[in-house]
Every structure is written in structure tokens, then in C-alpha cells.
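This one's a predicted model, so the numbers in the text were calculated from it and none came from an experiment.
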Amino acid sequence: QVHLVDSGGGLVQAGGSLRLSCAASGRTFSMYIMGWFRQAPGKEREFVAAIDWSGGKQDYADSVKGRFTISRDNAKNTVYLQMNSLKPEDTAVYYCAACSRAWSARQLLNAYGDWGQGTQVTVSS
């Protein structure tokens, strides 16, 4: 098991940027796929981005590709989500999560066994 604490959310105007961080504790952090999901009120939780253990593989939802960048620093046990050109439709609670399954499962919510508490991102128009 890995314990995750995500942070960095806040209020920002459309077109602005935020950087989310997810600090992990656990002996096997470097071998987890790490992902970001988001959930807006009344909506289902949706996949945002994922990164493999080495950082060499990344995947993004079409809605954020080109604007968001996921990265990880295994030495610091931290994963990041850099969010640029934010839009009001990006408003949601963002959750980091850890997955010990294969890369092919990276977009599946139920493949992630450990979750952060969530951090609110609000983008004003």
C-alpha cells in the first residue's frame, strides 16, 4: 500500500495555470503507475493522465492533451500535474492515485487501489 496526499489546487482565472503535487509514502512507489483523475459535481470521476514507473510512458485524456503535463520524481516520491491554459470545464476535485497493475489498465478507475484525498481546482470565466 502507498499513502498519497495531493495538494496544489485553488482558484484561477481561465487561461491560467496550476501545478498539482502528490506526495507518496511507501517502499514500492517507483514501481507504481501513477494517475490523476477528476470529478465535477454531479459527474462521474474521469481519467485525466497517467505515467508509468520510469516516466517514459504518459497518457492523457483528449480533453487535456496539449495543456496538461504529468511528471514524476521517484527520488522525491512525488508526482505532478502541470495544468496550463485552464478552462472553466476543468473545474473539479482532482485526485491522484496509484496503480500496481499493467500499463494497459491505466485509464480504469477500478485499477487504482490507493487514492489521495482530493484537491479542488476552480477555474473562473
Handout entry: Non-hydrogen side-chain atoms of C22 and M34 separated by less than 4.5 Å
Key = yes

Practice task
Can you measure from CG (L4) to OG (S25) and round to the nearest 0.5 angstrom?
Solution key: 7.5 Å

Exercise for the section: Assess whether atom CH2 of W53 is packed by more than 12 heavy atoms of other residues, nucleotides or ligands within 6.0 Å. Expected result: no

Practice task
Examine Y95 together with F37 and report whether their ring centres are nearer than 6.0 Å.
Solution key: no

Fill in the blank from the handout: dist I70:CD1 -> Q58:CD (nearest 0.5 Å) comes out at 7.0 Å

Exercise for the section: Look only at the side chain of T91 and the backbone of V123, and say whether a donor-acceptor pair between them is shorter than 3.5 Å. Expected result: yes

Exercise for the section: Carefully, step by step, assess Y94 and L81 under the rule side-chain contact (heavy atoms from CB on, under 4.5 Å). Expected result: CA-CA 10 Å; Y94 284 70; L81 185 68; 4.2 Å; yes

Problem - Exercise: identify the closest heavy-atom pair between A98 and Y32 - result: CB-CD2, 3.6 Å

Exercise for the section: Measure the spacing between CD1 of I51 and SG of C99 and express it to the nearest 0.5 Å. Expected result: 13.5 Å

Problem - Joint cluster assignment, V79 & V121, ILVMFWY side-chain distance < 4.5 Å - result: yes

Exercise for the section: Could you please spell out the steps behind the side-chain contact (heavy atoms from CB on, under 4.5 Å) verdict for W115 and L109? Expected result: CA-CA 10 Å; W115 294 83; L109 189 150; 4.0 Å; yes

Exercise for the section: Output, in order, the C-alpha distance, side-chain angles, deciding distance and verdict of side-chain contact (heavy atoms from CB on, under 4.5 Å) for L86 and L18. Expected result: CA-CA 8 Å; L86 283 162; L18 285 173; 4.1 Å; yes

Completion exercise
Output for pair (T78 OG1, D6 CG), nearest 0.5 Å, gives 11.5 Å

Exercise for the section: Kindly say whether G9 contributes a backbone atom to a donor-acceptor pair with the side chain of T119 at under 3.5 angstrom? Expected result: yes

Exercise for the section: State whether R106 and D52 are salt-bridged, where the test is any N-O pair (Lys NZ or Arg NE/NH1/NH2 against Asp/Glu carboxylate O) under 4.0 Å. Expected result: no

Exercise for the section: Show your reasoning for whether side-chain contact (heavy atoms from CB on, under 4.5 Å) applies to L20 and M83. Expected result: CA-CA 8 Å; L20 306 184; M83 305 185 296; 3.8 Å; yes

Handout entry: R101 side chain near N110 side chain, heavy-atom distance below 4.5 Å
Key = yes

Handout entry: Spacing of CZ belonging to R38 relative to CZ belonging to R45, to within rounding of 0.5 Å
Key = 13.0 Å

Problem - Minimum heavy-atom distance between A105 and Y112, given as atom pair plus value - result: O-CE1, 4.4 Å

Fill in the blank from the handout: Output for pair (S17 OG, Q82 CD), nearest 0.5 Å, gives 5.5 Å

Practice task
List the atom of A14, the atom of S125, and the distance in Å for their closest heavy-atom pair.
Solution key: CB-CA, 4.4 Å

Practice task
Taking the side chain as every heavy atom from C-beta outward, state whether D59 and F47 have any pair of such atoms under 4.5 Å apart.
Solution key: yes

